[in-house]
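The next block holds one structure in the form of structure tokens; read it before the comments.
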Amino acid sequence: MYHLLYIMIAKMGKELEMRSKNKKGNMVRWVREDFFIPGPTVFYNNIPKVAKAFGEHLKPSQITEVLLKAIDKLTVEDRAISQAAGVLLSSFLEETGADIEDLPMIFREIYNNLPRIRDTRAKGETITALVHLAIRRINGVVDCLISTSIEANGSAAVIWKALVANPYCSLKLLKPLLKRLQDEEPNLEVTSRRHSESQMPMAATNALRLILSLPEASTVLQNKFPKLLLALTSHIYFVLGASRRGSWATSLIPDPSSPLTAVEALKNLIGCAGYLKEASILEVQRCWERLSNPESFLEGIYFLARTLFTFNKKDLRRTFRVAEDYLQSPDINKFTVGVAFFTELLFHSETSLDFVKEQKIMRRLMDWMGQANPHVKLCGIRGLGYMLQHPLPEESLDPFVSPLINCASNPDGRVAKDSIKCLQLLFQHLEAEKYSLAGCNLYPQLLTYFDDEDRELQNCSISLFGMLLKGIKEEHRNRAEDSIFRSLVPLIIHLTDYWCGENCRIVLNTIVTFLELEELPFDIFEIGQQDGLDYRYSLICKYLLRRYTHRLPEMLAQMMESLRSRTPVHRKTAALLLAYSAQYIEPDVVSAKQVEDIYMATWDLRDDINTSVSKAAVTASDELLRRCGDQMNPEIVPSEHRLSLLRNNMARH
């Protein structure tokens, strides 16, 4: 080591004689005689001064030569030499780090030798040397580090922690990592990376997961939270897509198709930024599991963005602006995430402070409703629903009626459900006469959802159906009547449902008002104790079927359909309605074939595993046999009931 310093002095002696100032314009306070004190002590005690004095005058090739010789001595057994090499390396990189020609090669040599350095002090000086290098070349060091160790463990973890602990590096660290996370072009000085550019985001994600877990990370974060939030979410979306395409097939990355690393980094980011209460809610609601699954990823984003700023609003508006920037990106991952965040952040009333852009937002939402992409269409609908929570002029809402009604008929259940929910909110801001006529085309679609397994979709459809009826004018009654009679049986069937029974009762009363059925008892649809159901259903049939006998075939067909329901109470209700409808069946209205089909269906239901359903089926089949036996072919009646059929027919004649 000392021999190396002597060589440096010999090479530089002549140059020192010729120059009184170094290239930075500072006076050189060293004179040649200072270095000719006998013995090597002067070098060991003044290595930093030596590096400063000579480093500024060395050519890049000479700097590389000195650094490589110092690196080579780091791993020797002699502690004095190893420590001196560490001090020399640290001092030279502090002075000359900006002038290194082959940064990747120097970094690789230091990194590869780091695990083999035995002396603790020498290892510490080597880490300090890398920090000095990063202060001069932060972008280059970050690129070298994530290219050398994608996993960010072992020696790489030690270096990342040292960089975070340095006040200067910590302020500059996240900017290059954010660029690599977004797979932007790295600096040209890194020319010998081991991995392709497509793997840089994974390496950056691992580094961020480590950095954001450190106690000092909050000082590193600065104002980068919104950009990191969307960038990490976009990377999760990319990884999920890549795992399905199989495009990550490589042995260089341990399980790269798993989004768990990026999800963990996202969790650390949210905790590091101080969103602790929100993080607890996200954990309880299993948001991280949703984000890790391709099937539930979008729902995970919706919940994340909507929940994140519940208590802490400091980054809300800046995140909204970053999301808006993502909408301009040609990258499908960024655009998808941007649309989701932009939409869900409208949920927060604080975004109304930015309503100078209100019309721009509304136009964008309407445009999204017309897109073919279900996710974009859904975000347009959800965004309007959130905007309706704020005071808006009615004239800005009228144009949304038609697009929303079209979306409510979309075959995608998520789009249909959110459209129906949004229509309910929209109609609360408009006069009933403005939307009821337009909604007539929606009746058939709403009827299909009355039996939907999605309870929310079922409930919203029933409520919207009743809402549309309230604004129908007299001249348009005929357009609604057909749908009304098609809705009667499903609504009555669901009167006893826990989820939608109350809504059914409200809509049925709306129908009574619409049809002007003043003679009906005011409490006819009040379903109370279970022991009064038979009487209640008999009343309903008495007042409705007797008046609308011409609609009986259609309503009987709907009751037959409900006999096949998977819900026992629906099968029981349908059987009771058929039993009490039998007395209103006339040959000139209901065909013999339909009567026979009803009888056979109720007969088969006698064997139902549910006792109450079986009893109702017995009642229905017996009542049909008694009331309509003369319309049935005796051959279809079981032998044990043929005598009863004969007696009934003789009594009628």
Side-chain angles (χ1 to χ4, degrees), residues 164-165 167-179 181-182 204-205 207-236 262-285 287-288 290-291 300-329 334 337-358 360-361 379 382-383 386-387 389-391:
V164 172
Y168 177 85
C169 292
S170 64
L171 294 176
K172 305 289 184 180
L173 192 58
L174 288 187
K175 185 176 180 180
L177 276 174
L178 181 59
K179 288 186 176 181
L181 177 62
Q182 296 172 327
T205 301
L208 286 167
R209 178 183 60 173
L210 171 67
I211 290 170
L212 295 171
S213 68
L214 301 175
E216 310 94 324
S218 56
T219 59
V220 177
L221 200 54
Q222 296 295 324
N223 60 351
K224 297 291 191 302
F225 175 77
K227 292 183 178 179
L228 281 171
L229 175 66
L230 271 77
L232 281 170
T233 309
S234 300
H235 181 59
I236 296 171
V263 171
E264 192 67 29
L266 186 60
K267 289 172 62 176
N268 292 345
L269 171 67
I270 291 171
C272 175
Y275 294 96
L276 302 180
K277 291 182 180 179
E278 290 88 345
S280 298
I281 295 174
L282 294 171
E283 188 76 43
V284 171
Q285 296 297 325
C287 179
W288 312 123
R290 299 185 198 181
L291 290 173
I301 294 186
Y302 301 152
F303 188 76
L304 171 66
R306 195 166 59 250
T307 305
L308 189 55
F309 303 106
T310 303
F311 305 103
N312 190 339
K313 312 290 184 180
K314 63 179 181 178
D315 294 303
L316 173 58
R317 296 188 69 188
R318 287 192 294 120
T319 304
F320 185 74
R321 288 195 291 270
V322 173
E324 193 169 19
D325 291 340
Y326 268 48
L327 300 181
Q328 315 305 321
S329 175
K334 294 182 68 173
V337 170
V339 168
F341 267 93
F342 182 90
T343 299
E344 294 302 317
L345 293 179
L346 293 174
F347 171 81
H348 299 280
S349 59
E350 287 75 11
T351 54
S352 62
L353 298 174
D354 210 15
F355 268 7
V356 289
K357 301 179 180 178
E358 178 185 312
K360 178 181 178 182
I361 291 174
C379 284
R382 294 170 73 100
Y386 297 142
M387 292 291 284
Q389 299 173 14
H390 311 304

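Quick note: numbers below take in every heavy atom, side chains included, and nothing from hydrogens, waters or symmetry partners.
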Query raised in the report: Closest approach of V220 and V164, non-hydrogen atoms and distance?
Result: CG2-CG1, 3.6 Å

Requested in this report: Determine the minimum heavy-atom distance between M387 and I361, stating which atoms define it.
Outcome: CE-CG2, 4.0 Å

Query raised in the report: Should T307 and Q285 count as side-chain neighbours, where that means a heavy-atom distance under 4.5 Å?
Result: no

Could you pull out all donor-acceptor pairs under 3.5 Å where a side-chain atom in residues 207-214 meets a protein atom, sequence neighbours excluded?
| unit_1 | atom_1 | unit_2 | atom_2 | d |
| --- | --- | --- | --- | --- |
| S213 | OG | L210 | O | 2.6 |

Query - Pairs where residues 208-230 contributes a residue and the test ring-ring contact (aromatic ring centres under 6.0 Å, His included) is met, not counting sequence neighbours - result: F225-Y275

Between side-chain atoms of residues 276-283 and protein atoms elsewhere (two or more places apart, or another chain), which donor-acceptor pairs fall under 3.5 Å?
| unit_1 | atom_1 | unit_2 | atom_2 | d |
| --- | --- | --- | --- | --- |
| E278 | OE2 | F311 | N | 2.9 |
| E278 | OE2 | N312 | N | 2.9 |
| S280 | OG | L276 | O | 3.2 |
| E283 | OE1 | W288 | NE1 | 3.2 |

**Report entry** Distance, nearest 0.5 Å, that separates NZ of K267 from SG of C287
**Finding:** 10.5 Å

Report task. Search all heavy atoms of C272 against all heavy atoms of L221 and return the closest pair with its distance. Result -> SG-CD2, 4.1 Å

Report task. For F342, enumerate each residue passing the ring-ring contact (aromatic ring centres under 6.0 Å, His included) test, keeping only those at least two apart in sequence or located in another chain. Result -> F320, W368

Query raised in the report: Could you state the interatomic distance from CG (L174) to CD (Q222), rounded to the nearest 0.5 Å?
Result: 8.5 Å

Query raised in the report: So, the side chain of K179 versus the backbone of K175: is there a donor-acceptor pair under 3.5 Å, distance only?
Result: no

**Report entry** S329 (side chain) donor-acceptor with Y326 (main chain) under 3.5 angstrom
**Finding:** no

**Report entry** Worked check of side-chain contact (heavy atoms from CB on, under 4.5 Å) between L308 and L229
**Finding:** CA-CA 11 Å; L308 189 55; L229 175 66; 3.6 Å; yes

Report summary line: With sequence neighbours left out, the residues meeting side-chain hydrogen bond (donor to acceptor under 3.5 Å, both in side chains) with T343 are none

Report summary line: Sequence neighbours excluded, the answer for ring-ring contact (aromatic ring centres under 6.0 Å, His included) partners of F347 is Y386

Query - N-O pairing of R382 and E344 below 4.0 Å - result: yes

Query raised in the report: Which value, rounded to the nearest 0.5 Å, describes the distance between L345 atom CG and E324 atom CD?
Result: 11.0 Å

Query - Pair L304-I270, side-chain contact (heavy atoms from CB on, under 4.5 Å): steps then yes or no - result: CA-CA 10 Å; L304 171 66; I270 291 171; 3.7 Å; yes

Query - Pairwise distance CZ(R290) to CZ(F303) - rounded to 0.5 angstrom - result: 5.5 Å

Report summary line: Between H348 and A305 the two heavy atoms that sit nearest each other are NE2-O, 3.4 Å

Report task. Could you check L266 against L269 for side-chain contact (heavy atoms from CB on, under 4.5 Å), going step by step and ending with a plain yes or no? Result -> CA-CA 5 Å; L266 186 60; L269 171 67; 4.3 Å; yes

**Report entry** Enclosure of K224 NZ (heavy-atom neighbours >12, cutoff 6.0 Å)
**Finding:** yes

Query raised in the report: Can you tell me how far CG of L228 sits from CD of Q182, rounded to the nearest 0.5 angstrom?
Result: 8.5 Å

Query - T205 OG1 to E264 CD distance, which is reported to the nearest 0.5 Å - result: 12.5 Å

